[in-house]
Q: 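Below you'll find the structure I mean.
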Protein chains: 2
Amino acid sequence: MLEQGIEGASVRNIAKEAGLSLGSLRYYFHSQEELMKYARELVSERITQRVDKIFASDKNPNEKILEVLLELLPQTSKLGREPKVRLFFKTLAVQPEKTAAVDQDGVYLAVKNVMSNLLLLNFIKKNLDIGIETERLYALINGLALNSLLNPDELSAQRVEEIILVHLNSICKESVK
Amino acid sequence: MLEQGIEGASVRNIAKEAGLSLGSLRYYFHSQEELMKYARELVSERITQRVDKIFASDKNPNEKILEVLLELLPQTSKLGREPKVRLFFKTLAVQPEKTAAVDQDGVYLAVKNVMSNLLLLNFIKKNLDIGIETERLYALINGLALNSLLNPDELSAQRVEEIILVHLNSICKESVK
DNA sequence: TCTTTATTAACACAGTTGTACTATAAAAAA
DNA sequence: TTTTTTATAGTACAACTGTGTTAATAAAGA
């Protein structure tokens, strides 16, 4: 996927990349859909694990939350390949009859996690609707992921971080900076 | 594209949908890339035209701006198919060596237009970086487009409008409501 | 009327796709 | 040792892909 795009992710190419024959690969995965589903869930799990690890570290909350959000984006993730591949699957799902559920999206879980943490810390400005703010942040993350992948030059890692900081500041109280 | 997804957009299927033979279609478009480029630009142009039309209407600025932004999203556009197809092309571009330039994206032009209008009207809060706010709004629009297409049930048209209104209010002065 | 151009259709070619089936080798169990 | 799983590889098939070529038809111009 990273080298040849979605079209290159054929069963044959994947088998070749894995050093297996076509028959061998199909011994483990009886269909392409099964293989794709496994990969999709694997990527989601890895992202979730990485996010949990950051949350479990002993930094201050502000740093944690920023680091988590940056970890979800292709340009700024230390994980490297996973957020990019996740977006590939996401765009692949933009197909009739192939819609993947949101709940199994590690990024959505991470965003919800970030928001409930901000709420628990009493960082959120008054009169904000948490549901709407969660979906707004989730959309921002997905949009940044898409844009930074399509236009890495204009939307650099530093730029992405600036935008996320601006957004966080806009939903957090003045005192938190 | 709308019926069978990106994979269904083969030269043969398009010819059939257009009521032409394969040879006839290739008389006008010598390659698939040429055909795709034409369609991509056509969609972008239509969106731009629609946006210009709204800006040229005689409503009050607040209404215009909201209407323009809603027009860029699949669920809320009165244009109907174009924003959805545009997103298909956008996700199609998430492929190595196939990156389409941002400048020819009608949606990006529209967002820039919205921001400079807000600035001209003196609606924007003080101390905001216009460049960053433009990219933030552009990412939000693309994210909303992606999410509402993948999850039309949770992210309904009304919900999308609420989110956009919240975002506009967050970057505009208190007096503008 | 004759000739040139525009338009349509049909077929062929080489390549790729997902899937199914079969034979072979290694490992484990009896 | 024999038998049964586990694992790997190879091949075949039908369907599709983009592209190229060639023939036939309609329209327009000289």
Side-chain angles (χ1 to χ4, degrees), chain A residues 1-46 81-82 84-101 104-105 149-150, chain B residues 1-46 81-82 84-101 104-105 149-150:
Chain A
M1 279 186 160
L2 291 174
E3 291 168 8
Q4 304 179 39
I6 298 170
E7 304 202 355
S10 67
V11 182
R12 278 175 179 79
N13 284 345
I14 293 172
K16 191 186 293 176
E17 189 74 17
L20 287 176
S21 75
L22 186 56
S24 296
L25 184 60
R26 290 211 59 209
Y27 174 76
Y28 299 97
F29 302 97
H30 298 102
S31 73
Q32 185 184 27
E33 187 47 42
E34 210 175 309
L35 171 59
M36 289 303 192
K37 186 184 175 188
Y38 172 81
R40 201 166 48 227
E41 290 174 353
L42 181 65
V43 168
S44 182
E45 275 174 26
R46 284 191 185 169
R81 315 193 299 275
E82 278 75 5
K84 196 178 281 191
V85 176
R86 176 219 160 233
L87 192 67
F88 277 40
F89 276 114
K90 200 95 186 153
T91 63
L92 199 65
V94 183
Q95 226 83 234
E97 311 295 332
K98 283 196 177 184
T99 309
Q104 68 187 36
D105 180 5
L149 203 64
L150 288 176
Chain B
M1 279 185 159
L2 291 174
E3 291 168 9
Q4 305 179 38
I6 298 170
E7 305 202 356
S10 67
V11 182
R12 280 176 178 79
N13 284 346
I14 293 173
K16 191 187 293 176
E17 189 74 17
L20 286 176
S21 77
L22 185 58
S24 294
L25 184 60
R26 291 210 58 211
Y27 174 75
Y28 299 99
F29 300 97
H30 298 99
S31 74
Q32 185 183 28
E33 187 48 41
E34 210 175 308
L35 171 60
M36 289 304 192
K37 186 183 175 189
Y38 172 81
R40 202 166 46 227
E41 291 174 352
L42 181 65
V43 168
S44 182
E45 274 174 27
R46 283 189 186 171
R81 315 192 298 276
E82 277 76 4
K84 195 178 281 191
V85 175
R86 176 215 161 237
L87 193 66
F88 277 40
F89 276 114
K90 200 95 187 153
T91 64
L92 199 65
V94 183
Q95 226 82 234
E97 311 295 333
K98 283 196 177 184
T99 308
Q104 69 185 36
D105 180 6
L149 204 64
L150 288 177

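Remember, it's a predicted structure, so these values are computed and weren't measured experimentally. By convention in this document, chain letters (A, B, ...) are assigned in the order of the sequence lines, proteins followed by strands, and residues within each chain are numbered from 1.
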Q: Reading DNA chain D from 5' onward, which residue's closest nucleotide shows up sooner: B/Ser10 or A/Tyr28?
A: A/Tyr28
Q: Can you find a pair of side-chain heavy atoms, one from B/Phe89 and one from B/Met36, that are under 4.5 Å apart?
A: yes
Q: Can you measure A/His30 atom NE2 to D/dT6 atom P for me and round it to whole angstrom units?
A: 12 Å
Q: Is any N or O donor-acceptor pair between the side chain of B/Arg26 and the base of D/dG20 shorter than 3.5 Å?
A: yes
Q: Using whole Å, report how far NZ of B/Lys16 lies from P of D/dG18.
A: 12 Å
Q: Can you tell me the distance, in whole Å, between the CZ atom of A/Arg12 and the C1' atom of D/dA12?
A: 11 Å
Q: Nearest-Å distance, CD (A/Glu7) to P (C/dG15)?
A: 18 Å
Q: Between B/Leu20 and A/Asn13, just flag the one whose closest nucleotide in DNA chain C comes earlier from the 5' side.
A: B/Leu20
Q: Establish, with yes or no, whether the OP1 or OP2 oxygen of C/dA10 is under 4.0 angstrom from a side-chain nitrogen or oxygen of B/Ser21.
A: no
Q: Could you state the CD-P distance from B/Gln32 to D/dT17, rounded to the nearest angstrom?
A: 10 Å
Q: I need the OH-P distance between B/Tyr27 and D/dT22, as an integer number of Å.
A: 17 Å
Q: Quick test of your reading of the model: are A/Glu33 and A/Arg40 salt-bridged, counting only N-O distances below 4.0 Å?
A: yes
